[in-house]
2 protein chains.
Amino acid sequence: MSTHRRQAISAALQAQPTFVSAQQLYAELRNAGERVGLATVYRHLQALAEAGQVDVLRTDEGEAVYRRCATGRHHHHLVCRSCGRTVEVADRAVERWADRIADEHGFRDVRHTVEVVGTCSACGAS
Amino acid sequence: MSTHRRQAISAALQAQPTFVSAQQLYAELRNAGERVGLATVYRHLQALAEAGQVDVLRTDEGEAVYRRCATGRHHHHLVCRSCGRTVEVADRAVERWADRIADEHGFRDVRHTVEVVGTCSACGAS
DNA sequence: GCAAGTATGAGAATCATTCCCGATAACCGG
DNA sequence: CCGGTTATCGGGAATGATTCTCATACTTGC
């Protein structure tokens with residue numbers, strides 16, 4: 001159906017250089033003049049997440065943050081704790097590791113979460 | 001000072017077979033007859049977490065869950081999504097992987113989050 | 001253009017977590 | 001053991017993110 005709002009939200013997300021919370025995206029949309037409701041932002045973000053079109057993760061404070069990733073394939077993130085710059089990492093090594101560990105303990109249908117944060121070269125003014 | 005409440009909370013946490021939320025722990029303490037406040041549970045849980053005596057992580061719903069781990073050393077968890085059984089995994093391989101990835105992209109002071117969930121052999125009634 | 005159905009937005013409702021503050025209990029010097 | 005001082009408690013209010021509700025606005029098929 002009407003994909004007007006959905007497109008606006010999807011586009012706004014696309015424009016983000018890093019992970020953003022629903023609240024942030026909502027604020028940006030409002031600033032950009034979009035008359036959109038917070039509930040709508042949440043709805044679409046969730047829909048996009050379920051459709052696997054965006055990645056979701058939780059900050060240490062428990063806030064959900066979203067990001068439209070370059071690839072639809074499974075990957076992980078390397079995020080700068082200072083500027084938020086995000087590098088998408090697709091490396092089979094971790095997947096294999098997770099599978100091996102799970103296997104060693106008899107676990108099945110394994111799913112994993114792997115996120116790495118650090119200070120990027122631009123921010124680490126050493 | 002008064003370590004009465006602190007001990008009760010620490011002990012209750014010790015008795016948990018898996019990760020528990022502050023709310024759950026609070027409920028258990030009340031059931032056990034402890035006249036403790038929710039705020040106190042949060043306070044001590046946070047203190048214990050900062051002291052590195054308990055591990056904290058976030059559920060997909062954003063709720064913080066705590067666990068007193070066997071070792072104080074750095075490790076990860078393999079959790080059964082059905083029964084909650086938790087296996088502590090200390091495997092240098094992931095650490096090396098994370099360091100390597102970070103290094104390749106010029107990131108420093110790296111910290112990582114790695115959690116694996118699956119169905120344990122007891123629950124996977126296949 | 002019209003009916004029927006979905007998306008939308010505003011604000012209320014939820015829920016975990018934190019804040020506030022008067023009450024309480026531990027510690028200490030005497 | 002006593003009073004004074006101070007950190008901890010507990011309960012309820014305050015906060016903040018997320019979800020729900022529902023009347024209204026837009027879409028689509030016809």
Side-chain angles (χ1 to χ4, degrees), chain A residues 1-14 16 18-68 79 84 113 115, chain B residues 1-14 16 18-68 79 84 113 115:
Chain A
M1 213 180 184
S2 169
T3 45
H4 181 197
R5 283 285 106 85
R6 174 181 291 257
Q7 287 181 349
I9 291 172
S10 189
L13 192 54
Q14 194 97 249
Q16 298 307 314
T18 179
F19 281 91
V20 286
S21 67
Q23 307 275 351
Q24 284 177 295
L25 201 59
Y26 169 70
E28 295 210 11
L29 283 163
R30 298 296 286 218
N31 277 336
E34 278 285 337
R35 267 175 44 279
V36 67
L38 187 51
T40 305
V41 175
Y42 273 103
R43 273 193 290 253
H44 282 148
L45 244 25
Q46 245 176 296
L48 288 168
E50 272 173 33
Q53 290 181 35
V54 302
D55 276 15
V56 195
L57 56 86
R58 298 260 170 192
T59 66
D60 287 342
E61 293 78 43
E63 198 179 12
V65 286
Y66 306 80
R67 171 152 207 253
R68 157 141 257 144
V79 185
T113 307
E115 299 299 333
Chain B
M1 218 180 188
S2 171
T3 43
H4 182 197
R5 282 288 105 84
R6 174 180 292 256
Q7 288 181 349
I9 292 173
S10 190
L13 192 55
Q14 194 97 247
Q16 299 307 315
T18 180
F19 281 92
V20 285
S21 68
Q23 306 275 351
Q24 286 177 292
L25 200 60
Y26 169 69
E28 295 210 11
L29 283 162
R30 298 296 286 218
N31 278 336
E34 277 285 339
R35 266 176 42 281
V36 66
L38 187 52
T40 305
V41 174
Y42 274 103
R43 273 193 291 251
H44 282 150
L45 244 24
Q46 245 176 296
L48 288 168
E50 272 173 34
Q53 291 181 34
V54 301
D55 275 14
V56 195
L57 56 86
R58 297 261 170 191
T59 66
D60 288 342
E61 292 79 43
E63 199 180 14
V65 286
Y66 306 80
R67 169 151 208 253
R68 158 141 256 145
V79 186
T113 307
E115 299 300 333

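Protein chains get the first letters and strands the later ones, always in sequence-line order, with residue 1 at the start of each.
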Q: Specify the angle, to 10°, made by the local axes at the two ends of the helix from C:dG1-D:dC30 to C:dG30-D:dC1 when five pairs are taken at each end.
A: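 Comparing the first five pairs with the last five, the axes sit 30° apart.
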
Q: For A:Leu29 and C:dA10, give me the distance from atom CG to atom P, rounded to whole Å.
A: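 About 13 Å, once rounded to whole Å.
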
Q: Distance check needed: D:dG12 C1' versus B:Tyr26 OH, whole Å only.
A: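 Taking atom C1' of D:dG12 as the reference, OH of B:Tyr26 is at 11 Å.
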
Q: Base, sugar-phosphate, or nothing for A:Gln46, non-hydrogen atoms under 4.0 angstrom?
A: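 Here A:Gln46 touches the backbone only, sparing every base.
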
Q: Minimum heavy-atom separation for A:Arg6 and A:Leu48, please, with both atom names.
A: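 For A:Arg6 and A:Leu48, the tightest heavy-atom pair comes out as NH1-CD2, 4.5 Å.
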
Q: Output the rounded distance in Å from CD (B:Gln24) to C1' (C:dA16).
A: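 After rounding, the gap between these two atoms is 13 Å.
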
Q: Does D:dA25 have OP1 or OP2 under 4.0 Å away from a side-chain N or O of A:His4?
A: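 Answer no for this pair, as no side-chain N or O of A:His4 is under 4.0 Å from OP1 or OP2.
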
Q: Starting at CD of A:Gln23 and ending at C1' of D:dT18, how long is that distance when rounded to a whole Å?
A: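 About 8 Å, once rounded to whole Å.
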
Q: For C:dT18, take OP1 and OP2 only and decide whether either is under 4.0 Å from a side-chain N or O of B:Tyr42.
A: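 Answer is no, no contact under 4.0 Å.
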
Q: Counting only side-chain N and O atoms of B:Arg30, is one of them less than 4.0 Å from OP1 or OP2 of D:dG11?
A: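 Answer is yes, contact under 4.0 Å.
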
Q: For A:Gln23 and A:Tyr42, what are the C-alpha separation, side-chain angles and deciding distance, and is it a side-chain hydrogen bond (donor to acceptor under 3.5 Å, both in side chains)?
A: CA-CA 9 Å; A:Gln23 307 275 351; A:Tyr42 273 103; 3.0 Å; yes

Q: Please report the closest heavy-atom contact between B:Ala64 and B:Val56, naming both atoms and the distance.
A: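 Nearest heavy atoms, B:Ala64 then B:Val56: CB-CG1, 4.4 Å.
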
Q: Taking atom P of C:dA7 as reference, at what distance in whole Å does atom CD of A:Gln7 sit?
A: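 From A:Gln7 CD to C:dA7 P: 14 Å.
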
Q: So which of B:Arg30, B:His44, B:His4 actually passes side-chain contact (heavy atoms from CB on, under 4.5 Å) with B:Val36?
A: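 Running side-chain contact (heavy atoms from CB on, under 4.5 Å) over B:Arg30, B:His44, B:His4 with B:Val36 returns exactly one hit, B:Arg30.
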
Q: For a side-chain contact (heavy atoms from CB on, under 4.5 Å) with B:Leu25, tell me which candidate from B:Leu38, B:Val65, B:Val20 qualifies.
A: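 Considering B:Leu38, B:Val65, B:Val20, a side-chain contact (heavy atoms from CB on, under 4.5 Å) with B:Leu25 is found only for B:Val20.
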
Q: Roughly how many Å is it from CG in A:Leu38 to P in C:dA10, rounded to a whole number?
A: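 Distance check: A:Leu38 CG to C:dA10 P gives 10 Å.
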
Q: Taking only heavy atoms on the protein side, list every residue of residues 50-65 of chain B lying under 4.0 Å from any atom of DNA chain C, sorted numerically.
A: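 Those residues are B:Glu63, B:Ala64.
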
Q: NA contact type, B:Arg43, heavy-atom cut-off 4.0 Å: base, sugar-phosphate, or nothing?
A: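 Base contact - B:Arg43 has a heavy atom under 4.0 Å of at least one base atom.
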
Q: Are the side chain of B:Arg5 and the backbone N or O of B:Val41 linked by a donor-acceptor pair below 3.5 Å?
A: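 Answer holds: no.
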
Q: Would you tell me if any nitrogen or oxygen in the side chain of B:Thr40 comes within less than 4.0 Å of OP1 or OP2 on D:dC9?
A: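 False: B:Thr40 side-chain N/O out of range (4.0 Å or more) of D:dC9 OP1/OP2.
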
Q: Using side-chain heavy atoms (C-beta onward) and a distance below 4.5 Å, is A:Phe19 in contact with A:Leu57?
A: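 Heavy-atom side-chain distance check passes, below 4.5 Å.
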
Q: Over all heavy atoms of both residues, which pair between A:Val54 and A:Leu45 is shortest? Give the atoms and the distance, please.
A: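 The pair with the smallest heavy-atom distance is CG2-O, 4.1 Å.
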
Q: For a quick test of reading the model, state the closest non-hydrogen atom pair linking A:Leu29 to A:Ala12 and the distance between them.
A: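 Between these two residues, the closest heavy atoms are CD2-CB, 3.8 Å.
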
Q: Between B:Glu28 and B:Gln16, is any pair of side-chain heavy atoms under 4.5 Å apart?
A: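 B:Glu28 vs B:Gln16: side chains touch.
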
Q: Please give, in whole Å, the distance from D:dT18 P to A:Leu25 CG?
A: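 To the nearest whole Å, that distance equals 12 Å.
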
Q: Output the rounded distance in Å from OH (A:Tyr66) to C1' (D:dA17).
A: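 In whole Å, D:dA17 C1' lies 10 Å from A:Tyr66 OH.
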
Q: Of the candidate nucleotides D:dT18, D:dG11, C:dT8, which contains the atom at the shortest distance from the side chain of B:Ala39?
A: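 Side chain of B:Ala39 sits closest to D:dG11.
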
